[in-house]
Amino acid sequence: MIDDLTYIRNIGIAAHIDAGKTTTTERILYYTGLIHKMGEVHEGAATMDWMKEEKQRGITITSAATTVYWDLNHKRFQVNIIDTPGHVDFTVEVERSLRVLDGVIAVFCGVAGVEPQSETVWRQANKYKVPRLAFINKLDRVGADFFAVVEEIQDKLKANPIAIQIPIGSEDDFKGVIDLINQKAVYWDEQSLGVEFSVEDVPQGLEDETQEWREKMLEQLAELDEEFMEKYFDDNYTVDDIHSVLRKVTIANTAVPVLCGSALKNKGVQTLLDAVIRYLPSPSDLPPVIGTNPFTKKEEERHPDPQDSFAGLIFKIASNPFVGNLAYLRVYSGTLQSGTAVYNSRTGKRERIMNLYRMHANKQTLIKEISAGDICTIVGFRDIKTGDTLSDIKHPIVLESIDFPEPVVSVAVEPKTQADSPKLQEALRRLQDEDPTLIVELHPDTGQILMHGMGELHLEILVNRLKEEFNVKVNTGEPKVSYKEAITETVEYHHILKKQTGGKGKFAELIIRVSPVETDSRGLIFEDKTVGGSIPKEFIPAIKKGLELGMNSGPLAGYKLHGIKVELLGGSAHPVDSDALAFEIAAKDALQKAAREAKPILLEPIMKLEVFVPEEYIGPVQSDLNRRRAVIHGLEEKAGLQVIKAHIPLAEAFGYVNDLRSITSGRGSSNMEFSHYAPVPQEMQDEIIRVLTGRLF
């Protein structure tokens with residue numbers, strides 16, 4: 001373990017599915033000496049894809065962590081790596097990883113360029129202000145175009161890419177890269193699987209292109225940094241000056257260095273690792289983390305210093321058959337030793353951490369302590385969940401938690417036999433501990449267990465895990481859309497709860513105004529507009545809690561209200577019969593009755609869709625999309641295929657992949673991700689409500 005924080009990097013590898021993230025990670029493990037044989041994703045042998053479902057499907061489903069060491073300029077650096085999924089159904093894995101990482105390698109396919117999930121990952125990285133490197137991969141593929149992808153990064157992601165390498169050749173003729181900083185060509189030896197590489201002069205015929213892109217790189221850096229600008233105009237800069245300013249602008253998130261290669265062909269990975277060390281931040285390069293003292297409610301800072309008070313964030317729970325549940329912990333300050341008791345701000349209780357492990361995919365190495373800036377897993381805890389802050393008992397703090405998207409698809413499950421019922425309950429509980437986007441609930445009318453998830457694939461894999469990993473036999477229904485409900489008019493509602501049972505009764509009087517909000521808003525917006533103490537202040541939190549409970553069941557079909565604004569205008573309390581519970585019940589009832597009068601509507605999830613098809617299939621594919629209520633927004637050409645861009649209701653998108661293959665004789669493909677909620681057409685709403693209020697099987 002490395003003690004000096006300047007020699008630590010916490011990075012993630014993220015991208016659209018099939019851009020080559022896991023293959024790139026596999027090469028990093030090989031070249032750093034952590035593994036001695038490269039496993040391939042297409043063979044189901046990649047080290048970081050350790051789950052059975054990952055090996056079978058050839059995709060990453062859960063983020064996996066590992067630690068490698070890399071030497072640069074005779075100094076050893078520790079690199080903690082998280083390989084994240086690329087499929088949109090598992091975007092939560094990217095979200096929670098980016099929350100705790102200091103830097104990201106964004107991998108782009110040299111043929112497909114910036115794809116939908118690339119944009120999602122980029123937005124997530126923007127949200128957490130995570131510095132990035134871009135690695136344009138698969139330059140050996142037919143149709144690869146490095147320069148077009150650089151342009152897409154600028155145009156589609158609104159980023160400021162700075163190419164610090166350009167490729168030598170392309171497609172089958174891709175030989176190596178030109179290092180624009182040192183003006184040298186780098187070639188990798190195929191016989192040694194890329195372990196050996198040579199640095200040579202720029203090949204004849206590429207001198208002008210090298211000079212052109214180097215000048216462009218220097219001009220971009222000069223525009224971003226005044227100090228370097230002076231050196232550039234005076235022609236008084238060194239290679240170290242270029243590295244220094246690149247590091248500065250990368251950490252400041254004003255530029256993204258762009259590198260290139262082909263991970264599968266073992267080209268470009270070592271120079272990528274050098275760039276990780278040179279340009280991405282160490283924990284000590286970042287500002288102190290800010291949190292809130294749970295008792296004083298005042299903001300406090302924690303510095304990336306092993307001597308500061310301990311504070312860390314749990315960003316993932318994983319089930320392990322040998323040691324039980326593992327909790328992944330990012331330590332922001334202080335030092336944690338095994339056997340130490342810490343404070344959990346969510347539960348308000350002490351939690352003793354029995355063992356600490358450093359992870360390598362699904363394997364663990366026992367360690368005695370972990371310090372600021374590092375990542376580990378902990379075991380032997382009682383009640384820890386994703387997003388929990390653990391801190392020093394004497395200096396408690398609450399760090400910003402993690403936001404998770406709402407699920408859009410549901411499936412009904414039931415145990416095949418009564419004997420399987422307890423096993424199913426326990427398995428679902430453990431899956432929910434692992435996956436915050438899985439919501440399990442009991443349908444109030446049918447008594448069925450409903451699993452709500454992010455997509456068909458997400459739920460399919462969870463059901464398979466129930467059967468294979470937890471050995472629970474279940475029956476499942478067809479996937480269903482998770483609709484939402486919303487109101488369309490503003491309504492004032494006066495509600496009185498008055499119950500008398502002989503002893504102390506229940507009394508609460510409320511006047512509320514409910515208003516619609518934008519369909520991309522979710523949850524409750526609450527404003528207390530009471531004056532003169534008509535409702536005692538101690539009851540306001542109970543009113544808000546009751547309103548939040550009321551959001552869970554809309555007036556049309558019992559679906560959650562997607563977003564609503566509630567203003568508390570007035571009311572009254574009884575000196576004896578009023579208490580917090582009375583106001584909570586009254587608020588819930590008032591909201592649900594007011595929503596009935598506010599012209600409620602159903603909302604359905606709309607998916608952003610890209611369809612890749614040969615030109616001769618454009619007509620049939622567009623006709624099929626029109627039949628599915630899709631709205632086509634544009635058509636463009638990419639890598640010899642036509643790309644149809646559209647929005648499609650999720651209800652019409654089930655089974656689309658198979659239908660597309662049938663229409664295009666297997667030559668078409670598509671990408672889909674959640675976009676927004678939109679009102680269901682009126683003529684369909686009545687039919688949906690009629691069906692939804694029946695049984696779901």
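Keep in mind that the numbers below use all heavy atoms, side chains included, and drop hydrogens, waters and symmetry copies.
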Check whether any side-chain N or O of [X] sits under 3.5 Å from a backbone N or O of [Y] as a donor-acceptor pair, and report yes or no.
X	Y	answer
Glu351	Arg382	yes
Asp388	Lys385	yes
Arg9	Ile277	yes

Going by side-chain contact (heavy atoms from CB on, under 4.5 Å), name the residues that satisfy it together with [X], two or more places apart in sequence or in a different chain.
X	value
Glu548	Leu524, Lys544
Leu424	Pro415, Leu428, Ile449, Leu466, Val472, Val474
His243	Ile181, Val239, Asp240, Arg278, Tyr279

In Å and rounded to the nearest 0.5 Å, what is the [atom1] to [atom2] distance from [X] to [Y]?
X	Y	atom1	atom2	result
Leu356	Glu369	CG	CD	9.0 Å
Ile153	Ile136	CD1	CD1	4.5 Å
Asn266	Leu193	CG	CG	5.5 Å
Thr335	Lys368	OG1	NZ	15.0 Å

Show the nearest heavy-atom pair for residues [X] and [Y], with the distance to one decimal.
X	Y	result
Tyr31	Gly194	OH-CA, 3.6 Å
Asp305	Leu5	N-CD1, 4.4 Å
Leu313	Gly387	CD1-O, 3.6 Å

Please check if atom [atom1] in [X] has more than 12 non-hydrogen atoms from other residues, nucleotides or ligands closer than 6.0 Å.
X	atom1	result
Lys473	NZ	no
Lys129	NZ	no
Lys423	NZ	yes

- Pairs touching residues 279-290 that satisfy salt bridge (Lys or Arg N to Asp or Glu O under 4.0 Å), sequence neighbours left out: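 Salt bridge (Lys or Arg N to Asp or Glu O under 4.0 Å) check on residues 279-290 returns Arg247-Asp285.
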
- Message: Could you work out, with side-chain hydrogen bond (donor to acceptor under 3.5 Å, both in side chains) as the rule, every residue matching Glu300, not counting sequence neighbours?
- Response: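 Once residues adjacent in sequence are excluded, the partners of Glu300 under the side-chain hydrogen bond (donor to acceptor under 3.5 Å, both in side chains) criterion are Asn293, Arg302.
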
- Query: For Ser244, which residues count as a side-chain hydrogen bond (donor to acceptor under 3.5 Å, both in side chains) partner, sequence neighbours excluded?
  - Reply: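 If we apply the side-chain hydrogen bond (donor to acceptor under 3.5 Å, both in side chains) test to Ser244, skipping adjacent residues, there are no hits.
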
- Message: Whether the Asn355 and Ser338 side chains hold a donor-acceptor pair (N or O, under 3.5 Å, no angle test) is what I'd like checked.
- Response: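 Short answer, no.
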
- Message: Taking the cut-offs as 6.0 angstrom to the six-membered ring centre and 45 degrees off its axis, would you call Arg330 and Tyr328 a cation-pi pair?
- Response: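 Output no; distance or angle outside limits.
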
- Heavy atoms, side chains only, cut-off 4.5 Å: are Ile353 and Thr340 in contact?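 A side-chain contact is absent here, since even the closest heavy-atom pair is not under 4.5 Å.
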
- Side-chain contact, heavy-atom cut-off 4.5 Å: Val440 with Leu431?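 Answer no - side chains too far apart.
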
